[in-house]
Amino acid sequence: MTRLIRWGVMLAAAATLAACGNGTKGGGGDMGADMAQPACVQNPTTGVELLNACTTAQSGDPAKDAPYFPSLAPGGTLPPLP
Amino acid sequence: MRVGIVVSTLLAAAGIARAQTPNCEDDAAVGPNRVYIQAADTQVPLLKALGVKLRAQATPITIIYTPNGSCSNISYLYGNADFTPNATGGGTFYIPSASFDPKTTPPTCTPPAAGSGKKADLGISIVFPDNVDCPTAPAKPSTVAVTPGPVQAMVFAVPGGVGTSTGSTQTTITAEEAYLVAGLGPMNAMVAPWSDPQYFYGRPASKGTQISIGGNIGVPASKWQLMMDPQHQIDQSSAVATAIAAQASTGNAEKTLGILGAEVYDPARAMIHSLAFRAFKQQKSYWPDSAPTAFDKRNVRDGHYPIWSFVQYLAPQAAGGGALNPNAQTIIDMLVGNTVTTTPAFEPLDLVISAGLVPACAMKVTRSAEGGDLAPMTPAQPCGCYYESKVPMGSTMCTACTDSSTCGAGMCRHGYCEAK
């Protein structure tokens, strides 16, 4: 049941955030400055821009959106492999 | 006395089993126009579906395959080895007839012995066939051609069916979390809840699924910290799905994590569910599909989900070009969308789509290395509209057409107006 609820919440969130509005490349969407949502990219051309392009697709657990990182990767800096 | 009877019975049964396994070269028992394939095991569902269609043709083709790891297949083809069955994967299978049910396991046959000079006609890899991804593979000889085909996505998967309340409650994994769990091992990663190596299921280092996922999380396949046994470095993808699913009601579902090709995952969604993935430098996490319940691979196609690779077809070449075995070339042409000399009575694209793969003509991004940066791409003959219409629960906003006269500046392809 927990996962059902979580997926339901994420679906609702995705619908709310759909398409990130009409922002320009690298710019924010139309979410309003006070919502502090990460920018999505219109007209992506690079690999990173494609990953962060505006989309209506459902996204995963918002608790794991950037800037979340696990404890052994502070700021995204990873320890070397053994 | 009783032991003697049991032994005799077992020996008799073994003898019967042996007698029932035909020689792969037997036209009557196995089939004509045989194509021997060293197959990536994730591609088996597609080979079975295609094999049935090929047996129904006026001039039938018989697919004979053994499922193995991509790097093993590359080594066999590049090293000009004789056809090599993978006993761990069940041996050598053949598609027996046009009425064979591709959802079932095909019968096996006994291929010519090693040393006979019988080579594979085709090898299939799901990673770029180079010595970066397969360090022990020989260099590519000029006599083998490599043809990139459809795209295969890979997923992290956990127990419990999609949309059910059983199994794991996890929905998302980040690249950093995956790096730590796979690269340091569950015990050292400090990534809850995946902290127990007993419930972390991967593959041997030669397997494309692990190589491809590794390329996206910065952990080479050989560096994955998996328990050193066949129950955790699992030879066949289907067995990984089974192992994950088996933990749904054991009390260990939350700790369980495994990896799969999407075309193995998709039919198993009633038992397991995939995790959304957030790549390095990505803001949000996504599933391969536009939603966990969809099958549209939209995020693979447009670059939001980067864990994918091209299926690559390796074939020894004839002196004049084309595969040495013309029937192998026919199979390649069908699977990559090339024109086939004799138009088949079926749409090969449908088989590719049904298998959970994305035809290259439906992709909007590309890449040139395993886990490498994505770049925008427009296919020469796009089929995105058709793809969207054919996936399970699919629909498309594209205009249906019978010819290009109604497509403006676009082209009518597969019944829909495409941009070009």
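Chain letters run A, B, ... following the sequence lines, proteins first and then strands; every chain starts at 1. The structure presented is a predicted model; accordingly, all values stated were derived computationally and were not measured.
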Quick one: [atom1] on [X] to [atom2] on [Y], what's the gap to the nearest 0.5 Å?
X: A/Ser71; Y: B/Leu180; atom1: OG; atom2: CG; result: 8.0 Å
X: B/Gln283; Y: A/Cys40; atom1: CD; atom2: SG; result: 10.0 Å
X: A/Leu51; Y: B/Asn299; atom1: CG; atom2: CG; result: 10.5 Å
X: B/Thr174; Y: A/Asp65; atom1: OG1; atom2: CG; result: 11.0 Å

Of all of B/Gly218, B/Gly303, B/Ser285, which one pairs up most often with chain A through heavy atoms under 4.5 Å apart?
B/Ser285
Count the heavy atoms of every other residue, nucleotide or ligand shown that sit under 6.0 Å from [atom1] of [X], and state whether that count exceeds 12.
X: B/Met190; atom1: CE; answer: no
X: B/Met397; atom1: CE; answer: no
X: B/Lys420; atom1: NZ; answer: yes
X: B/Met377; atom1: CE; answer: yes

Name the region of [X], side chain, backbone, both or neither, that has any atom closer than 4.5 Å to a heavy atom of chain A.
X: B/Lys223; result: side chain
X: B/Ala189; result: backbone
X: B/Ala375; result: backbone
X: B/Asn188; result: backbone
X: B/Phe280; result: both

Of all the heavy-atom pairs spanning [X] and [Y], show the shortest one and how long it is.
X: A/Pro82; Y: B/Gly183; answer: CD-O, 3.2 Å
X: B/Trp287; Y: A/Gln58; answer: CE3-O, 3.9 Å
X: B/Arg278; Y: A/Lys64; answer: NE-O, 2.6 Å

Side chain [X], main chain [Y], donor-acceptor under 3.5 Å:
X: B/Tyr179; Y: A/Ala73; answer: no
X: B/His304; Y: A/Thr55; answer: no
X: B/Ser290; Y: A/Ala57; answer: no

Residues B/Trp224, A/Leu81; criterion side chain to side chain contact (heavy atoms under 4.5 Å, CB included); working and verdict:
CA-CA 9 Å; B/Trp224 284 48; A/Leu81 295 174; over 6 Å; no
A/Pro70 portion near chain B, given a 4.5 angstrom heavy-atom threshold:
side chain
Segment of A/Pro80 engaging chain B (4.5 angstrom heavy-atom cut-off)
backbone
Return the set of residues passing ring pair (Phe, Tyr, Trp, His ring centres under 6.0 Å) with B/Tyr387 (not counting sequence neighbours), or none when no residue passes.
none
Counterpart residues, side chain to side chain contact (heavy atoms under 4.5 Å, CB included), relative to B/Pro376 (two or more places apart):
A/Leu50
Could you walk me through whether B/Glu176 and A/Leu78 satisfy the side chain to side chain contact (heavy atoms under 4.5 Å, CB included) test, starting with their C-alpha distance in whole Å, then the side-chain angles of each, then the deciding distance to 0.1 Å, before giving a yes or no?
CA-CA 7 Å; B/Glu176 289 84 5; A/Leu78 294 160; 4.0 Å; yes
